Student: 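Here it is, the structure, as structure tokens.
The structure displayed is predicted, hence computed values, not measured ones. Positions are given from 1, in the same order as the sequence printed here.
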Amino acid sequence: GLAALALARKEGTQEWNDKIGKAMDQMKVWASRSPWNFQHKLELMNAEYAYLKEDFERAAEGYELAVSLASEHRFLHEEALALERAGIFYLERGDSITAMAYFTKSRDSYAKWGACSKVAFIEQHYL
């Protein structure tokens, strides 16, 4: 799902449309059955999809909702991922100040989770 969305942004949507549609449909089913476990994941996918479709306002709202829900439900690693993806969104949109804030929070969340390699990656590539 997320990988297909990221690749579609880089390579074009044509070859990824089917995979994206199937992944999003499945996540919607899971989120409807267990919102606590899946709603934040769906919101992150919705944010990435909005970004792909150049609906930047909706994308920004989606990233924030994904971060908020992951935090509220204590999915620290998925909060870190949503923060990282939001940072990439803002960086690619030219807002480096907002991007750095998201990357800093992402790094800190990965550190709390114990993901030392992700901490190093964020520091090396974004901070």
Student: Check this for me: does any side-chain nitrogen of one of Lys105 and Glu79 sit under 4.0 Å from a carboxylate oxygen of the other?
Tutor: no
Student: Measure the spacing between CG of Leu2 and CZ of Arg85 and express it to the nearest 0.5 Å.
Tutor: 7.0 Å
Student: What residue among Tyr110, Tyr102, Tyr126 forms side chain to side chain donor-acceptor pair (under 3.5 Å) with Glu84?
Tutor: Tyr110
Student: Under a single-linkage definition using a 4.5 Å side-chain heavy-atom cutoff for Ile, Leu, Val, Met, Phe, Trp and Tyr, are Trp113 and Val67 assigned to the same hydrophobic cluster?
Tutor: yes
Student: To the nearest 0.5 angstrom, please state how far the CD atom of Gln26 sits from the CZ atom of Phe38.
Tutor: 8.5 Å
Student: Give a yes or no on whether Glu11 atom CD has more than 12 heavy-atom contacts from other residues, nucleotides or ligands under 6.0 Å away.
Tutor: yes
Student: For Asp108, which residues count as a side chain to side chain donor-acceptor pair (under 3.5 Å) partner, sequence neighbours excluded?
Tutor: none
Student: Can you find a pair of side-chain heavy atoms, one from Met45 and one from Lys41, that are under 4.5 Å apart?
Tutor: no
Student: Quick one: does any side-chain atom of Ser106 pair with a main-chain N or O of Ala80 as donor and acceptor, under 3.5 Å?
Tutor: yes
Student: Quick one, Trp36 with Phe75, criterion side chain to side chain contact (heavy atoms under 4.5 Å, CB included). Give me CA distance, side-chain angles, the key distance, then yes/no.
Tutor: CA-CA 10 Å; Trp36 185 274; Phe75 288 103; 4.2 Å; yes
Student: Give, for atom CG of Leu52 and atom CG of Leu5, the distance between the pair rounded to the nearest 0.5 Å.
Tutor: 6.5 Å
Student: Should Tyr63 and Tyr51 count as side-chain neighbours, where that means a heavy-atom distance under 4.5 Å?
Tutor: yes
Student: Rounded to the nearest 0.5 Å, how far does CD of Glu78 lie from OG of Ser71?
Tutor: 12.5 Å
Student: Are any side-chain N or O atoms of Ser34 and backbone N or O atoms of Trp30, one a donor and one an acceptor, separated by less than 3.5 Å?
Tutor: no
Student: Is there a side chain to side chain contact (heavy atoms under 4.5 Å, CB included) between Leu91 and Met100? Walk through the geometry before answering.
Tutor: CA-CA 8 Å; Leu91 186 64; Met100 292 308 116; 4.2 Å; yes
Student: Can you tell me how far apart CE (Met24) and CD (Glu48) are? Round to the nearest 0.5 Å.
Tutor: 10.0 Å
Student: If the threshold is 4.0 Å, N to carboxylate O, is there a salt bridge linking Arg9 and Glu92?
Tutor: yes
Student: Looking at NZ of Lys22 and CD1 of Ile20, how far apart are the two atoms once the value is rounded to the nearest 0.5 Å?
Tutor: 12.5 Å
Student: Find out whether Phe103 and Ile88 are in side-chain contact, i.e. whether some heavy atom of one side chain is under 4.5 Å from a heavy atom of the other.
Tutor: yes
Student: Ignoring hydrogens and angles, tell me if any N or O in the side chain of His40 forms a donor-acceptor pair with the backbone of Ala66 under 3.5 Å.
Tutor: no
Student: May I ask you to check if Arg93 and Phe56 form a cation-pi contact, with NZ or CZ under 6.0 angstrom from the six-membered ring centre and within 45° of the axis?
Tutor: yes
Student: Do any N or O atoms from the side chain of Ser32 and from the backbone of Val29 form a donor-acceptor pair under 3.5 angstrom?
Tutor: yes
Student: Transitively linked via ILVMFWY side-chain contacts under 4.5 Å: Leu44 with Leu76?
Tutor: yes
Student: Take atom CZ of Phe89 as the centre, draw a 6.0 Å sphere, and report whether it contains more than 12 heavy atoms from other residues, nucleotides or ligands.
Tutor: yes
